[in-house]
J.: 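Mind having a look at this structure? Questions to follow.
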Amino acid sequence: MSMNNKLPASPWAEFYGPNLGYVFEQYEIYMENPEEVPADLRKLFDNWGSPVLPENGPHGQEMTPESSAPRTLPFAKMKKFVAALQLADTIRGFGHLGANLYPLEAQAPQADLLNLDQYGLTEADLRDIPAEFICKHQPERFANGWEAIQYLKETYTSNIAFEFQHVDEAEEKAWIQSMIESGEVTKELSLQKKNDLLKRLNEVEGFEKFLHKQFVGAKRFSVEGLDVLVPVIDELVDHSVQAGTSDVTISMAHRGRLNVLTHVLGKPYEDIFSQFQHSPKEKLDKAQEAHVGWTGDVKYHFGAVKEIKNGDKTTRITMAHNPSHLEVSGSIVQGYTRAAQDDRSQAGYPRQDENKAMSILVHGDAAFPGQGVVAETLNYSGIKGYKTGGTVHIIANNRVGFTTESEDSRSTRYASDLAKGYGIPIIHVNADDPEACIAAAKLAFEYRSKFYKDVLIDLIGYRRLGHNEMDEPMATNPMTYTVVRKHPTITQIYKDRLTERNELSKEQIEAIEETVKQAFAKAYEKVNKAHDDSGLIPDLPDAVKIGYPKVKTSVDLKKLTEINADLLKWPEGFHVFDKLEKILSRRQQVFTDKGKIDWAHAEVLAFSTILEDGTPIRLSGQDSERGTFSHRNLVLHDSKTGETYSPLHRLPGAKASFEVRNSPLSEYAVLGFEYGYNVFAPETLVLWEAQFGDFANTAQVIFDQYISAGRAKWGQKSGLVMLLPHGYEGQGPEHSSARLERFLQLSAENNWTVANLSSSAQYFHILRRQAAMLSKDEVRPLVIMSPKSLLRNPSAGSAIDEFTNGEFKTVIEQPGLGQKPEAVERLVFCTGRMAVDLSDQVADVGKFDWLQIVRVEELYPFPTEKINEIIGKYKNLREIVWTQEEPRNMGAWTFVEPRLKALAPKGVNVSYNGRMRRSSPSEGDPVAHKKEQQRILAQSVTRNLVRV
């Protein structure tokens, strides 16, 4: 066939493809009544008439000089061309419906894919059309359009299939189509590659069978039926290493996890076998204790880290720890990846290099559409504060969720359909064809590398055993498992294929099998066969047990004054909104007139000094740039141009990056991301702010499974800060409570700090203390019940000397009260906003010599020694009262009650003052709220307390 058989450039070129059918419908109308045709098409028809044939004949034969002038093609024949194009596009778009994707059964036939009658075509018609008109890739392979159509059908309906018509960008679609139709995707593997692939499949299957035989009935969540998952991840890792990627981060749930830990992360067989054997653990020294968990976790929840050398470069492979909340670790890993990509060493926003790290998220087929965190994570994949330059998603699709069949798991045809809404190309592949699976991995990696966008592999297999190895699947899925038990393993299928093709001999295959078998046997010989039946949980590491050491958090007045001045500078010609400029300018007056520093001012001063100390900062939340309550304004907007500017990016003394991001409307996935970012970049002060503290409810899994327990389970340290707006201002049940009680209930083993502060200086110092602890083993997360009305309450502001000479105080006694300790009969303990309101109630201190108010600023770790010291000062004490604004069954009361009772002197009553027990956090009526709040405050400072 002539290589010069090119379609000519013509005004019809823009109409090739699906739009061409419309053009010819309009042409038919034009022939009858031109006025009914749109003006642009009418002009085209008037000027050009019918389209022209290529300079060569329809079969590619060379035209003679006498016949080489353009010829008009009869309209009827041109309609055949259009129909052929439509047929080709149908195959591209819907070929997956006829592909061989399911190992256990054949795909239902899709007759429409090649029903020529439906398109008004015959084989002769297609043979009369140039192949390049149908498929421009590899045209030399086809004599005509019929052969090209057959090639497309074979390509798009094989063991690997594609969905990419939903991708918005034309360049991306064209590239994917080119990769598919050029044969680049399905290039033949080398014999060595096939040999390695068979060996890996033997290792994967052999590992599962060895565990099954050696440790009968032990849970391991076998990968069998999707064995090829391991080689697919291998392939992605190998491409990453060759590309010089510094970090590859992996998330996956428990199914197949032990196999991936062993074969991808390099965890020795003997380590896995020892865990199943319950062999005695090696004694850890004190340094090691600080970096491992003490309560531990089940073996298939742990992660691992491995380094791979490639010349002078090193690639770190990290698998994140994952609890049984299946998809949650995907958001954690996205945070890992972004942290690995960011350079935080200079002032301004971090400099991101998307080539430095790549994430692989392995999903379950029931979990991918079923868990909302997946959609939240996909949503921020292209948002500037969260994007990671594309993630390779793999659905480990065994077509059953626990015991639930697919039709009860989702409303869509495919488990992957959710991804279509985010423009993610999807590669479906039959897990019984390992070479097709490797091709899918290669295409996914190359797409991500070229376009820096997400791509998804739907790896379709089955589950050979039950949900776990003690389940009997025949009880709930009898039809499926009747087929499964007759179905050969992928290793057997691939072995047979290689021998049938004479690509590997029987002797070579037996040698591979023997090598693998010996590896398991040798590893098991090293295992200590004794059982550790002690059941003892190790003691806390010293760093955790001791808690935070004392650190200097005050800042020199001269330095603070200079920083404050720098924060009030913006570029020449930058127009700050008039009203906001006046508000900000008052911050200068505070220093000149010795006024009080409010909450937002204290925060920005803390951030500035932390940056000058060389600690990077990342703050995110749904409205964090401005602040939900219009208080922060870290990012200024030019009122005339809309341009943005942050003074924290231009601080002369800043030695690290500052990043503030308005997050999408998500708590679950965003908090997971920030936790992951902090774990992977532990030197960074990472803060997440809820729009209202109540909204943290939707991220409860992150608090429960990771932030509060991650160190005890896995030895995973974090210094993450959570700002949860909390306070009863009459805004109703969903805008009052950050559920302080939940965080206190989770408090144990010095796992985090829970604070409810009453002044801006306290906020300043606790932030600086947290930043100073980031590089230390004692570091722990910080939960702050951040304020709302206190943001602008003068009584919550602090004088400058509290910043230059002060420190964070876990407990504060009310200034002015308690001057005559022998006269004090009642101690009122409180926290946060209630402390400020009570302070206003006792402005005339002379009336209250019988009273002392104590602010508990740090609720956990509970400041037992300090409170005991305070109680001891008042020898004539008659009662201790805990006052709070939350209902009795909420807030801090249930946490502090036993602790205060333990500290109370004999005969001193400990009682509660606040709202009665409620099912809802607060009143919905602001008038009712105000009345109830006034009652609580009044009773606190009235001698005769009415018990609730």
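As a basis for the values below, the full set of heavy atoms in this structure was taken, side chains included, without hydrogen atoms, waters or symmetry mates.
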J.: Decide side-chain contact (heavy atoms from CB on, under 4.5 Å) for Y380 and V670; before the verdict, give the C-alpha distance in whole Å, the side-chain angles of both, and the deciding distance to 0.1 Å.
T.: CA-CA 9 Å; Y380 61 50; V670 167; 4.1 Å; yes
J.: Is it the case that S736 and S922 place a side-chain donor and acceptor less than 3.5 Å from each other?
T.: yes
J.: Does a donor on one side chain and an acceptor on the other come within less than 3.5 Å for Q341 and E354?
T.: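 Absent: no donor and acceptor within the cut-off.
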J.: Would a distance-only check, ignoring hydrogens and angles, find a side-chain to backbone donor-acceptor pair under 3.5 Å from N913 to I936?
T.: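 Yes, the answer is positive, given that a donor and an acceptor are paired below the 3.5 Å cut-off.
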J.: Regarding D593 and Q589, do their side chains bring together a donor and an acceptor under 3.5 Å, going by distance alone?
T.: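 Note: D593 and Q589 side chains miss the donor-acceptor criterion.
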J.: Whether the E807 and T553 side chains hold a donor-acceptor pair (N or O, under 3.5 Å, no angle test) is what I'd like checked.
T.: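 Side chains of E807 and T553: no pair found under 3.5 Å.
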J.: Would you tell me whether S663 and Q622 have side-chain atoms, one donor and one acceptor, within less than 3.5 Å of each other?
T.: no
J.: What verdict does the side-chain contact (heavy atoms from CB on, under 4.5 Å) test give for I784 and H726, after you've listed the backbone C-alpha separation in whole Å, the side-chain angles of each residue and the deciding distance to 0.1 Å?
T.: CA-CA 9 Å; I784 298 180; H726 176 83; over 6 Å; no
J.: Check whether Y912 reaches the backbone of R888 with its side chain - one donor and one acceptor, N or O, closer than 3.5 Å.
T.: yes
J.: E858 and T810: side-chain donor and acceptor closer than 3.5 Å?
T.: no
J.: Report yes or no: is the cationic atom of R618 (NZ for Lys, CZ for Arg) under 6.0 Å from the centre of the six-membered ring of F607, at an angle within 45° of the ring normal?
T.: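 Not satisfied by the 6.0 Å and 45° rule.
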J.: Do D342 and R338 meet the salt-bridge criterion of a basic N to acidic O distance under 4.0 Å?
T.: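 Yes, charged N to carboxylate O under 4.0 Å.
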J.: List the atom of I867, the atom of V811, and the distance in Å for their closest heavy-atom pair.
T.: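 Result for this residue pair: CG1-CG2, 3.9 Å.
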J.: Is it true that, when you exclude K655 itself, more than 12 heavy atoms of the residues, nucleotides or ligands shown sit nearer than 6.0 Å to its NZ?
T.: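 Enclosed: over 12 neighbouring heavy atoms sit under 6.0 Å from NZ of K655.
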J.: Does R344 pair with E683 as a salt bridge, N-O distance under 4.0 Å?
T.: yes
J.: Can you confirm if the NZ or CZ of R780 lies within 45° of the ring axis of Y548 and under 6.0 Å from the centre of its six-membered ring?
T.: yes
J.: With S758, which residues qualify under side-chain contact (heavy atoms from CB on, under 4.5 Å), at least two apart?
T.: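 In terms of side-chain contact (heavy atoms from CB on, under 4.5 Å), with neighbours along the sequence ignored, S758 is linked to A835, V836, R855, E857.
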J.: Looking at S708 and N751, what are the two nearest heavy atoms and their distance?
T.: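 Between these two residues, the closest heavy atoms are O-ND2, 3.1 Å.
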J.: Please lay out, stage by stage, how Y336 and Y677 fare under the test ring pair (Phe, Tyr, Trp, His ring centres under 6.0 Å).
T.: CA-CA 5 Å; Y336 282 9; Y677 195 106; over 10 Å; no
J.: Is the shortest distance from a Lys or Arg side-chain nitrogen in D801 or K594 to a carboxylate oxygen in the other one below 4.0 Å?
T.: no
J.: Not counting sequence neighbours, which residues clear side-chain contact (heavy atoms from CB on, under 4.5 Å) with H631? List them please.
T.: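 side-chain contact (heavy atoms from CB on, under 4.5 Å) list for H631, sorted by chain: A600, F629, L791, R792.
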J.: Any salt bridge linking R833 with E729? Criterion: basic side-chain nitrogen under 4.0 Å from a carboxylate oxygen.
T.: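 Judged by the 4.0 Å cut-off on N to carboxylate O distance, R833 and E729 do form a salt bridge.
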J.: Between N678 and S718, does any side-chain donor sit less than 3.5 Å from a side-chain acceptor?
T.: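 Checked: N678/S718 side chains pair up, N/O donor to acceptor below 3.5 Å.
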J.: Given side chains that start at C-beta, do those of V373 and H325 come closer than 4.5 Å, heavy atoms only?
T.: no
J.: In chain order, what residues pass the ring pair (Phe, Tyr, Trp, His ring centres under 6.0 Å) check against Y675, with sequence neighbours excluded?
T.: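 In terms of ring pair (Phe, Tyr, Trp, His ring centres under 6.0 Å), with neighbours along the sequence ignored, Y675 is linked to Y706.
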J.: Does any donor atom in the side chain of S760 or S798 lie under 3.5 Å from an acceptor atom in the other side chain?
T.: yes
J.: Distance to the ring centre below 6.0 angstrom and angle to the axis at most 45 degrees; does that hold for R661 and Y349?
T.: yes
J.: Measure from NZ or CZ of R739 to the centre of the six-membered ring of F743 and say whether it is under 6.0 Å with the direction within 45° of the ring axis.
T.: no
J.: Quick one: are the ring centres of W752 and Y860 less than 6.0 Å apart?
T.: no
